[in-house]
Amino acid sequence: MMEYFLLRQLAENPVRPVLPEPGNYPYRLTHQNFEGMPTGSVAYFRYGDEEQMPGILLQPTFMVNDTIRSVMELYDDTIRFKTLALLPDVIDRMTDSSVSYSIPDIKCYECLHEDCVVMPDGTVKRLVVDHRKIPNADVFSIKETTHNRVLVSLRMAESISRRNVYGVEFERVEVR
C-alpha cells in the first residue's frame with residue numbers, strides 16, 4: 001500500500017494574483033473547469049517586500065511553480081498544464097520579478113474512506129483515503145471535497161523536498 005501526503009501551501013503572505021477575467025479561474029479545480037480556462041494568461045500582483053512566491057498557490061485556483069511542475073511531469077506524463085504568468089504592478093520590476101505558475105489537470109478520484117470525517121459544508125475534518133480506490137497514482141486530487149486536496153506519493157513528496165521548494169508542506173494522509 002502506497003503512502004500519500006497532502007501537498008499544502010506553507011507561506012505566511014503568499015502573492016495574490018489579480019486577474020483581468022477572474023471568472024475563467026474557478027477555485028475548485030476539476031477537469032471541466034480546467035477545460036474552460038485559457039491556455040495561457042497574465043495576472044498581476046502587488047509588488048512589495050512582504051509578498052512571497054511559494055511553490056504552490058491556492059488562489060484563484062490550485063497552481064504550482066516550474067519546479068513542482070517538472071516533478072509532476074516526471075511522475076505522470078499525462079498531466080496537462082495551463083500557464084498563468086504573474087507580473088508585478090511596478091513597471092521597473094517586470095523583468096526580475098515576473099514568474100509563471102502552471103495549473104495542472106490532475107486526475108480526480110472518489111477515494112474517501114468510510115472513516116473519513118466530512119463536515120456538512122464539504123470540508124474535511126479527518127482525511128482518510130481508501131487505497132482500493134486509487135490506482136497507484138503518484139499525484140491526484142480528491143473529488144468529494146470542496147477544497148482542492150492534492151495528494152502525492154511518498155516518492156514524489158521526497159522528490160519535491162530534495163529540490164528545496166519554498167512554501168510547500170507535506171501532511172501525511174491516513175490510508176486504509
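Phe5 and Leu10 fall into different hydrophobic clusters, where Ile, Leu, Val, Met, Phe, Trp and Tyr side chains are chained together by heavy-atom contacts under 4.5 Å. Ile142 and Met1 fall within a single hydrophobic cluster, where Ile, Leu, Val, Met, Phe, Trp and Tyr are joined by side-chain heavy atoms under 4.5 Å apart, directly or via other members. If you chain together hydrophobic residues whose side chains sit under 4.5 Å apart, Tyr166 and Leu57 never meet in one group. The hydrophobic cluster containing Ile103 also contains Tyr75, counting ILVMFWY residues as joined when their side-chain heavy atoms lie under 4.5 angstrom apart, directly or transitively. No chain of hydrophobic side-chain contacts below 4.5 Å, direct or via other Ile, Leu, Val, Met, Phe, Trp or Tyr residues, connects Val18 to Leu58.
Listed by chain and residue number, Arg172 satisfy the side chain to side chain donor-acceptor pair (under 3.5 Å) test with Glu3 (two or more places apart in sequence, or in another chain).
The minimum heavy-atom distance between Tyr27 and Thr146, with the atom names listed, is CE2-O, 3.7 Å. When all heavy atoms of Tyr101 and Gly55 are compared, the closest pair comes out as CE2-O, 4.1 Å. Considering all non-hydrogen atoms of both residues, Pro88 and Met94 come closest at O-CE, 3.3 Å. Leu112 and Lys133 make their closest contact through O-NZ, 3.6 Å (heavy atoms, listed as atom of the first residue, atom of the second, distance). The nearest pair of heavy atoms linking Phe62 to Leu7 is CZ-CD2, 4.1 Å. Between Ala137 and Met2, the closest heavy-atom pair is O-CE, 4.0 Å.
With respect to Arg126 and Glu174, a salt bridge is recorded, a charged nitrogen being found less than 4.0 Å from a carboxylate O.
The backbone N or O of Glu12 lies less than 3.5 Å from a partner atom in the side chain of Gln52, making a donor-acceptor pair. Distance alone, capped at 3.5 Å, places no donor-acceptor pair between the Gln59 side chain and the Pro17 backbone. Judged purely by atom type and a 3.5 angstrom limit, Asp89 uses its side chain to pair as donor or acceptor with the backbone of Tyr47. With hydrogens and angles ignored, the 3.5 Å screen pairs a side-chain donor or acceptor of Asn148 with a backbone N or O of Leu29.
Summarising the geometry, atom OG1 belonging to Thr30 is positioned 8.5 Å from atom CG belonging to Asp105; distances are rounded to the nearest 0.5 Å. Here the CE-CD1 distance, from Met72 to Ile79, works out to 5.5 Å after rounding to the nearest 0.5 Å. Here CG of Asp115 is found 4.0 Å from CZ of Arg176. Values are rounded to the nearest 0.5 Å. Separation of atoms NE2 (His131) and OH (Tyr4) is listed at 10.5 Å; rounding is to 0.5 Å. If you take CE on Met63 and OG on Ser102, they are separated by 10.0 Å, rounding to the nearest 0.5 Å. Atom-to-atom distance recorded for Ser141:OG and Leu6:CG is 11.0 Å, nearest 0.5 angstrom.
Side chains of Pro38 and Tyr25 form a contact here, defined as non-hydrogen atoms less than 4.5 Å apart. Residues Leu84 and Met37 form no side-chain contact, since every pair of their non-hydrogen atoms from C-beta on lies 4.5 Å or further apart. Using a 4.5 Å cut-off on side-chain heavy atoms (C-beta onward), Val124 and His147 make no contact. No side-chain heavy atom of Thr61 sits less than 4.5 Å from a side-chain heavy atom of Asn33. At a threshold of 4.5 Å between non-hydrogen side-chain atoms, the residues Ser41 and Asn24 do not count as touching. The side-chain heavy atoms of Val15 and Val99, taken from C-beta on, include no pair separated by under 4.5 Å. With contacts defined as side-chain heavy-atom distances shorter than 4.5 Å, the pair Val165/Ile56 does not qualify. Contact annotation: the side chain of Thr145 approaches that of Arg28 to within less than 4.5 Å [non-hydrogen atoms, C-beta and beyond].
Residue Arg46 places its CZ atom among 12 or fewer non-hydrogen atoms of other residues, nucleotides or ligands, all under 6.0 Å distant. Applying the 6.0 Å contact sphere to OH of Tyr44 captures no more than 12 heavy atoms from other residues, nucleotides or ligands. Around atom CD of Glu35, more than 12 heavy atoms belonging to other residues, nucleotides or ligands sit under 6.0 Å away.
Taking the ring axis of Phe81 as reference, the NZ or CZ atom of Arg69 stays within 45° of it and closer than 6.0 Å to the ring centre.
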(request) Apply side chain to side chain contact (heavy atoms under 4.5 Å, CB included) to Val150 and Val64, showing your working. (result) CA-CA 11 Å; Val150 176; Val64 297; over 6 Å; no
(message) Quick one, Asp76 with Lys107, criterion side chain to side chain contact (heavy atoms under 4.5 Å, CB included). Give me CA distance, side-chain angles, the key distance, then yes/no.
(response) CA-CA 10 Å; Asp76 187 345; Lys107 290 180 181 83; 3.4 Å; yes
(request) Please report the C-alpha distance between Arg163 and Val71 in whole Å, then the side-chain angles of each, then the deciding distance to 0.1 Å, and finally whether the side chain to side chain contact (heavy atoms under 4.5 Å, CB included) criterion is met. (result) CA-CA 9 Å; Arg163 288 163 174 79; Val71 173; 3.5 Å; yes
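A donor-acceptor contact closer than 3.5 angstrom is absent between the side chains of Arg155 and Ser159.
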